[in-house]
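So the structure is just underneath, and the comments pick up after that.
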Amino acid sequence: MLSVQNLTKSFGEQTVLNGVSLELTSGETTVILGPSGSGKSTLLRCFNLLEVPEAGVLDLAGDSVDFSSKLTDEQVRSIRKHSAMVFQNFNLFPHLTAVQNVALAPVLNGKVGKGAAHQYALELLDKVGLGDKASSYPDSLSGGQQQRVAIARALAVSPEYLLFDEPTSALDPELEAEVIRVLIDLAREKRSLVVVTHNMAFARRVADRIIFLDGGKVLYNGAPEPFFQSTNERIARFLQIFEMTDYRI
Ligand SMILES: Nc1ncnc2c1ncn2[C@@H]1O[C@H](COP(=O)(O)OP(=O)(O)OP(=O)(O)O)[C@@H](O)[C@H]1O
Ligand SMILES: [Mg+2]
C-alpha cells in the first residue's frame, strides 16, 4: 500500500502540494492527471523522496515517514527501495549497453552476482520486446526502445511500485504505442503502477484509479468512468482539451 496524509511541499513562496492525502491499493494502476504546474511530478517525486515535503506522512509498503522531522539516511533508503522511477527522457547511461543499463543497479546493490544480474536483465529485455537489442548502446536505439530499456531497468530492482513521469511525452505516436503496450502488460500482471500521463486512452481504459490534481490539491480520486463524465467545471474544462484526440491505444 502507498498512502500519504496531508503532504505539503513548497518551492520558495509557492505551495506546490497543498495538503495532499490519498491511498493507493497495491496491484492497481493509478493515473495522475492535471494541468501543467498542478504538482503531478512533484507528488510522484515525493513517493521516492526525490523531493522531500515539509509536512505530512508517507506510508509505503510497510515503511512510514513523518516529514515534520528530518529524515535519517536509513529512512530515505528504506523508502527508496520500494519504488523505481521511469522518466520522460529515458535517462539511460549512454556509455553502457542496454543489458548493462538494466543489470547495473542489481549489481551495485550487491544482492546478486554479475552473472545472475546479466541473465535477469536479458529476461527483462525480452519481456519488453528487446531481446535482440541487449548489446546496443542507447544512441543506436529509437526513443521507444530506449524507454522500454528504462522500464526493464526499473523492473530489475523488483520494486513494489513503478513510478512513471510522462513516459511517452517525448515519443511519436507509433513509438508511444509500443511503450504503452508494455505498460498495459504490467497493469495486466497486477503490478502497482503510478503513471503521470496525458494519454487519455490509457487513463480511461487501463487505470483502476484516476487522481486529478489542480493547484496542488486532489480534485478527484476514484474510478475512471465517473471522472470522464464529471460535471465538475474544472475537470470538464481539462477534458475538453483532449476532445480533439482520439482514444486509440
Ligand atoms: N525544483 C523546483 N524548484 C522550483 N519550483 C519548482 C521545482 N519543481 C517544480 N516547481 C514548480 O512547482 C510547480 C509544480 O511543478 P510540477 O513539475 O510538479 O508540475 P506538473 O504538474 O508535473 O507539470 P507538467 O505537466 O508541466 O509536468 C510548478 O509551478 C513548477 O514551476
Ligand atoms: Mg511534470
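Note that this is a predicted model, so its numbers are computed, not measured. For the numbers below, each heavy atom of this structure counts, side chains included, while hydrogens, waters and symmetry mates do not. Whatever order the structure lists ligands and atoms in, that order sets their numbers, starting from 1.
By the neighbour-count criterion of 12 heavy atoms within 6.0 Å, atom CD of Glu174 is sparsely surrounded, having that number or fewer from other residues, nucleotides or ligands. With a 6.0 Å radius and a threshold of 12 heavy atoms from other residues, nucleotides or ligands, Lys81 has its NZ atom above the threshold.
Ligand 1 is never approached by Gly34 to a heavy-atom distance shorter than 4.0 Å. Heavy-atom separations between Gln14 and ligand 1 include at least one value shorter than 4.0 Å. For Pro35, the closest heavy-atom approach to ligand 1 falls below 4.0 Å.
The protein heavy-atom contact nearest to atom 26 (O) of ligand 1 is Ser36 OG, 2.6 Å. When hydrogens are left out, the protein atom nearest atom 12 (O) of ligand 1 is Val16 CG2, 3.1 Å; that is the closest non-hydrogen contact. Among protein heavy atoms, atom 25 (O) of ligand 1 sits closest to Lys40 NZ, 2.7 Å. The nearest heavy-atom contact from the protein to atom 27 (O) of ligand 1 is Glu166 OE2, 3.6 Å. Of all protein heavy atoms, the one closest to atom 23 (O) of ligand 1 is Gly37 N, 2.8 Å. Nearest non-hydrogen protein atom to atom 17 (O) of ligand 1 is Ser41 CB, 3.7 Å. Summary of contacts: the protein heavy atom closest to atom 1 (N) of ligand 1 is Phe11 CE2, 3.6 Å.
A salt bridge does not link Lys127 to Asp185: none of the charged nitrogens lies less than 4.0 Å from a carboxylate oxygen. Ion pairing between Arg181 and Glu178 fails under the 4.0 Å rule for side-chain N and carboxylate O.
Two residues are said to be in side-chain contact when any heavy atoms from C-beta on lie closer than 4.5 Å; Asn232 and Tyr220 fail this criterion. Ser192 is not listed as a side-chain neighbour of Leu24, based on a closest heavy-atom distance of 4.5 Å or more. The closest side-chain heavy-atom distance from Cys46 to Leu7 is below 4.5 Å.
The presence of a protein heavy atom under 4.0 Å from atom 30 (C) of ligand 1 is ruled out.
The Ser38 neighbourhood of ligand 1 comprises atoms 19 (O), 21 (O), with distances under 4.0 Å to a heavy atom of that residue. The Gly39 neighbourhood of ligand 1 comprises atoms 14 (C), 18 (O), 19 (O), 20 (P), 21 (O), with distances under 4.0 Å to a heavy atom of that residue.
Counting heavy atoms under 4.0 Å from ligand 1, residue Thr42 touches it through both backbone and side chain.
Judged by a 6.0 Å distance limit and a 45° cone about the ring axis, Arg204 is not positioned over the six-membered ring of Phe227.
Residue Ser41 counts as close to the Mg ion (ligand 2), with an N, O or S atom under 2.8 Å.
Gln5 and Ser3 form a side-chain donor-acceptor contact under 3.5 Å, judged by distance and modelled atom types alone.
Residue Asp165 is tested with Asn89, Val196, Thr197 for a side chain to side chain contact (heavy atoms under 4.5 Å, CB included); the sole match is Val196.
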